[in-house]
Amino acid sequence: MLVLRLPERPGSRMLDRNFVLANADAVALNCKNRGVDLDIARFVEIETERRKTDQALQDAQRTSNALASAKDLSVDQKREKGRELRELRESLKAKLDTLQADADALLLRVPNMTHPDSPVGRDDKDNKEIDRNAVPIPTYAFPVRDHVALGELHGILDTEGGSKVAGPGFYFLKGDGARLELALQNFAVEFLAKRGYVPHITPDLARDSVMQGTGFTPRGNETNTYRIEGEDLSLIATSEITLCGLYQDTILDEADLPIRIAGVSHCFRTERAAGRATRGLYRVHQFTKVEMVVIATPDQSEEIHRELLANERAVFDALELPYRVLDICTGDLGGAAYRKYDLEAWMPGRGNGGEFGEVTSTSNCTDFQARRLNIRYRRGPKDKPNFVHTLNGTGIALGRAMVAILENNQEADGSVRLPKVLHAFMGQDRLVPRAPKA
RNA sequence: GGACGGGUGGCCGAGUGGUUUAAGGCAGCGGUCUUGAAAACCGCCGCAGGUGCAAGCCUGCCGUGAGUUCGAAUCUCACCCCGUCCGCCA
C-alpha cells in the first residue's frame with residue numbers, strides 16, 4: 001500500500017489498550033523493531049491511573065443516580081447532597097479526560113504488532129527479496145529511452161501540458177496513451193472480477209470525518225491530501241478511503257465474509273520528492289488505481305493476504321513484465337500493517353541502466369484499522385461482535401504500470417510491443433511512433 | 001442557493017423534566033404444540049467499559065458537543081447529517 005509510506009497522523013489507528021497493558025514487554029520490543037520510539041512503561045502508568053479514576057467516577061455516578069431516584073427524601077434534601085456529588089463528578093471527569101488524552105496520545109502512536117516471519121530491519125534497504133517471476137530482465141542493443149522520452153516520441157504523454165494547466169506533477173495522456181490506460185484499467189477490473197472481486201467505482205472525494213476515520217487526515221502539518229476550500233471534503237489518496245468508509249461502523253455477518261472489492265478511483269497526493277524521481281509518471285499528484293480491498297475474519301486473513309499477493313503477481317505476469325517480490329521489513333511497515341509485500345517491476349529507464357520500481361503493495365492490517373473504523377462481524381445471532389481483519393493490495397496503479405510497459409517493451413525505433421492480454425482491448429499489438437515532423 | 005421536515009436499539013416506531021431500569025411491533029434465537037411445517041402461545045433478544053470463577057452486578061450511550069437541573073431522550077444553544085419541494089445543471 002503506497003499510502004503507508006506517507007507520514008501518518010498519530011492516532012489514525014490503534015492497538016487495544018488492554019492488550020498493550022497486558023503485553024507491555026512484547027509491545028515495547030515491537031516498537032523497537034519498527035523504529036518507533038515510545039515509552040510503553042509510561043503508558044502503563046497513565047493507563048493504570050486512568051482506570052482508577054474511571055472507577056471512582058462510576059462510583060460517584062451510582063451514588064448520584066440512587067439519590068435522584070430516592071423516594072423518601074424531599075427535593076430540598078436531595079438538592080444539597082446532589083450539588084456536592086455533582087461537583088465531585090465534574091472534578092473526576094476533568095481528571096479522567098486529561099488522563100484519557102495523555103494515554104491516547106501514547107496509544108495512538110503504537111504501531112500494529114508484526115508477523116513473526118517479517119524480516120527485522122531499519123528501512124527499505126532491509127526489505128527481503130523473496131522471489132522473482134520468470135520474465136527475464138531485458139537487455140538492449142540500442143540506447144534505452146525512458147517512458148518520458150517514449151511518451152514524447154509517440155505523442156501519448158504530455159507532462160508540459162499537465163504542468164501548464166495544473167502544475168508540476170500533472171499530465172495529459174493522449175491518443176494511444178489514453179487508450180492504453182483505459183485498456184489496462186479494463187483488463188485489471190475484468191481480471192479481478194473473474195476472481196470474485198466486485199468492482200466498485202467510488203467517489204473521488206470524501207468527507208473529512210471519513211478521512212479521519214480511515215486514518216488519512218486532511219488537516220495537520222504533515223498532511224498529504226488536497227482539501228476543498230470551504231467544504232468538508234478532501235480528494236482521496238486511494239479508494240481504500242471510500243471503501244473502508246462505506247463499511248465504517250457496521251456489524252457484518254460472518255457468512256458474508258470475506259468481502260472482496262475491486263475499487264476504481266482517481267488518487268490524489270500532495271507528496272512530491274525533488275529531482276529525478278519527479279520525472280514523468282512515476283510519482284505524480286493524480287493517478288488512477290484499481291485497488292483490492294478485502295474484509296475478512298481473523299481466521300481468513302493470512303490466506304487472503306497470500307491471495308492478494310498472488311493476484312498482484314498474476315496481473316504483472318499477464319502483462320509479461322519482470323518483477324521481484326519483497327517481504328517488507330519491520331522498520332518499513334508503516335503503522336497499520338502486520339505484514340506487507342511489495343512488487344517491484346523492472347524499469348529500464350530508471351537510474352543508470354534500469355532499476356526496480358515499486359508497482360504494487362499488499363498489507364494485512366489485521367484488526368488495527370478495523371478497530372478505528374469500527375467494522376465488526378458476528379458469528380451467530382447470540383455471539384458478541386468481533387473486529388474484522390482488513391487487507392488491501394494494488395490491483396494496478398495505472399501510471400506506474402504504463403511506465404513499466406513502455407520501458408520494458410521498447411524497440412530500437414521506439415516502437416512498443418503490447419502484452420497479449422491488451423491486444424483485444426487495444427485492437428492492436430504494438431504502439432508505433434508517429435512520423436517525425438519535417 | 002431558497003423553503004420546509006426529520007435524526008430513538010438490526011429495522012420500524014411511541015415517548016416534551018422523576019414507576020422509561022426506552023412502550024409496542026418486525027426480524028432473530030430458544031421452547032410448548034404438531035407426523036412435519038405454518039399459525040398460535042411462552043421466554044430470550046442493543047453497543048461499550050468496569051467488576052466477578054460464574055450467575056450476576058455497576059457505569060455510560062436516544063445524531064454530535066456544550067449548557068440548565070438534585071434529576072434530561074425530554075428544556076436551552078451551537079454544530080453535523082438525512083429527506084422533500086423549488087432554482088440551477090451533464
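All chains are named by letter (A, B, ...) in the order of the sequence lines, taking the proteins before the strands, and each is independently numbered beginning at 1.
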- Message: Looking at A:R306 and A:E303, is any side-chain nitrogen of the basic one under 4.0 Å from a carboxylate oxygen of the acidic one?
- Response: no
- Query: For atom P, what is the distance between B:G6 and B:G60, given to the nearest Å?
  - Reply: 30 Å
- Task: Please state whether the phosphate of B:C70, meaning OP1 or OP2, lies under 4.0 angstrom from any side-chain nitrogen or oxygen of A:R83.
- Result: yes
- Phosphate-side-chain proximity, A:R86 and B:C70, N/O vs OP1/OP2 below 4.0 Å: yes
- Message: Partner lookup for B:C61, please. Criteria are Watson-Crick or G-U wobble with both distances under 3.5 angstrom; report none if nothing qualifies.
- Response: B:G46
- Distance, P atom - from B:C62 to B:C44, rounded to whole angstrom: 25 Å
- Please report, rounded to the nearest Å, how far the C1' atom of B:A72 is from the CD atom of A:Q61. 13 Å
- Reckon A:N65 has a side-chain N or O less than 4.0 Å from the OP1 or OP2 of B:G18? no
- Message: Roughly how many Å apart are B:G24 and B:G9, using the C1' atom of each and rounding to a whole number?
- Response: 13 Å
- Within 6.0 angstrom of A:E49 CD, more than 12 heavy atoms from elsewhere: yes
- Query: What interatomic distance, in whole Å, is found between P of B:C26 and the corresponding atom of B:A39?
  - Reply: 11 Å
- Item | Nearest-angstrom distance from the residue atom CG of A:D208 to P of B:C81 | 10 Å
- Rounded off to whole Å, could you give me the CG-to-P distance for the A:D256 and B:G10 pair? 17 Å
- Task: Using the C1' atom on both, measure B:U19 against B:C12 and round to a whole Å.
- Result: 27 Å
- nucleotides 46-52 of chain B: protein proximity per nucleotide (B base, S sugar-phosphate only, - neither; heavy atom, under 4.0 Å): -SSBSS-
- Note on the structure: When both distances are under 3.5 Å in a Watson-Crick or G-U wobble arrangement, the nucleotide paired with B:U51 is B:G56
- Item | NZ/NE/NH1/NH2 to OD/OE distance under 4.0 Å, A:D37 and A:K32 | no
- Query: Who are the side-chain contact (heavy atoms from CB on, under 4.5 Å) partners of A:D123, not counting sequence neighbours?
  - Reply: A:K125, A:D126
- Integer angstrom distance from the P of B:A27 to that of B:C42: 15 Å
- Query: Roughly how far apart, to the nearest Å, are B:G46 and B:C29 at atom C1'?
  - Reply: 15 Å
- So, the side chain of A:T238 versus the backbone of A:E240: is there a donor-acceptor pair under 3.5 Å, distance only? yes
Each nucleotide N or O in nucleotides 88-90 of chain B that has a protein N or O under 3.5 Å away: list the pair and distance.
none

- Of all heavy-atom pairs linking A:I251 and A:R378, the shortest is CD1-NH2, 3.7 Å
- Message: A cation-pi test, strictly: NZ or CZ of A:R400 under 6.0 Å from the centre of the six-membered ring of A:F287 and no more than 45 degrees from its axis. Yes or no?
- Response: no
- Task: Provide the closest heavy-atom pair for A:E320 versus A:K420 in the form atom of the first, atom of the second, distance.
- Result: OE2-N, 3.0 Å
- Message: Please determine whether the number of non-hydrogen atoms from other residues, nucleotides or ligands lying under 6.0 Å from atom CD1 of A:I228 exceeds 12.
- Response: yes
- Note on the structure: Rounded to whole Å, CD of A:E90 lies from C1' of B:U69 at a distance of 11 Å
- Item | Pairing partner (Watson-Crick or G-U wobble, both distances under 3.5 angstrom) of B:A22 | none
- For A:Y341 and A:H305, run ring pair (Phe, Tyr, Trp, His ring centres under 6.0 Å): C-alpha distance rounded to whole Å, both residues' side-chain angles, the deciding distance at 0.1 Å, then the answer. CA-CA 9 Å; A:Y341 302 106; A:H305 197 202; 5.0 Å; yes
- Query: For the pair made of CZ in A:R62 and P in B:G60, what is the distance, rounded to whole Å?
  - Reply: 10 Å
- Select base, sugar-phosphate, or nothing to describe what A:R89 touches, counting heavy atoms under 4.0 Å on all strands. sugar-phosphate
- Query: Rounding to the closest angstrom, what is the interatomic distance between B:U8 and B:A3 at atom P?
  - Reply: 25 Å
- Item | Gap between atoms CG and P, on A:D253 and B:G28 respectively (whole Å) | 13 Å
- Watson-Crick or G-U counterpart of B:U69, or none if no pair lies under 3.5 Å: none
- Rounded off to whole Å, could you give me the CD-to-P distance for the A:Q77 and B:U69 pair? 20 Å
- Over all heavy atoms of both residues, which pair between A:M211 and A:S234 is shortest? Give the atoms and the distance, please. CE-CB, 3.9 Å
- Quick one: A:E80 CD to B:U69 C1', roughly how many Å, whole number? 16 Å
- Message: Let me spell it out: for each of A:S64 and A:K93, pick the nucleotide of RNA chain B with the closest heavy atom. Which residue's pick is nearer the 5' end?
- Response: A:K93
